[in-house]
Amino acid sequence: MATVDRETALLTAEEFANRPDSGVAEELERGVVVMSPMPGARHGKVCATFARLLGNHVADHDLGHVMGNDSGVVVERGPDTVRGADVSFYSYDRLPRGDPPAGYPTRPPELVCEVLSPGDRWRDVAAKVGEYLKAGVLIVVVLDPEKRKARVFEVGGELVALGPEDVLRLDAILPGFEVVVGRLFD
């Protein structure tokens, strides 16, 4: 019996952005669409809280754009990888004033926040953090709703681990922004 090898065509970031919405969470990994389960209500609340607090600061000081809802960050080309950051911040230097593009911005954001989901494995999250930093993101904040903690990864810096009573500051890119970590989970 003869068999036929079928190679799956790898998608570019632009092709991925133009696909119809499948109704499930997806990312693009080296040209291949990968799905993950929707993470649930607690995850969504933490994302919304961080986006609101960050967005208020950014709007009050007219600093740039805050994105949420897995708006997409291209972290690798050839083959392309697009990650769905839970929350991101682009200064006007990286994404000019006005309406953002319909697809993905050509430059990475300065800040990405990832909120751990119940099924996340730390090695996978650490790999994503590395991808973001390699792509040009300056700071990645990982929030852990279960432990009520934050980890902050900065290009060229040491990992900073923060507990619920500690204050998260992002002075390198957002002077004046600060929040007690535990408030992100209330």
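Put simply, the side chain of Asp166 does not reach to within 4.5 Å of the side chain of Val160, judged on heavy atoms.
Here the CG-CG distance, from Asp86 to Leu143, works out to 8.5 Å after rounding to the nearest 0.5 Å. For the atom pair CG (Leu95) and NE2 (His65), the distance works out to 4.0 Å, reported to the nearest 0.5 Å. The distance from atom CG of Leu63 to atom CD1 of Ile173, rounded to the nearest 0.5 Å, is 10.0 Å.
Arg121 CZ: 12 or fewer foreign heavy atoms inside a 6.0 Å radius. Around NZ of Lys128, the count of heavy atoms belonging to other residues, nucleotides or ligands within 6.0 Å exceeds 12. For Arg52, the CZ atom is densely surrounded, since the number of other residues' heavy atoms within 6.0 Å is greater than 12. Within 6.0 Å of CG on Asp60 lie more than 12 heavy atoms contributed by other residues, nucleotides or ligands.
Clustering ILVMFWY residues whenever any of their side-chain heavy atoms sit less than 4.5 angstrom apart, transitively, puts Val137 in the very cluster that holds Met67.
Of the charged side-chain nitrogens involved, at least one lies within less than 4.0 Å of a carboxylate oxygen, so that Arg97 and Asp62 count as a salt-bridged pair. One finds no salt bridge joining Glu114 and Arg83 here, because no Lys/Arg side-chain nitrogen approaches an Asp/Glu carboxylate oxygen to under 4.0 Å. Residues Arg169 and Glu154 are not paired through a salt bridge, judged by the lack of any N-O separation under 4.0 Å between the basic side chain and the carboxylate.
Shown are Val152, Val129, Val112; of these, the side-chain contact (heavy atoms from CB on, under 4.5 Å) with Val142 is made only by Val129.
Looking at Glu76, its side chain never comes within 3.5 Å of a backbone N or O of Glu131 through a donor-acceptor pair.
For His43 against Val115, the heavy-atom pair with the smallest separation is NE2-O, 3.0 Å. The shortest non-hydrogen separation linking Arg19 to Val33 is NH1-CG2, 3.8 Å.
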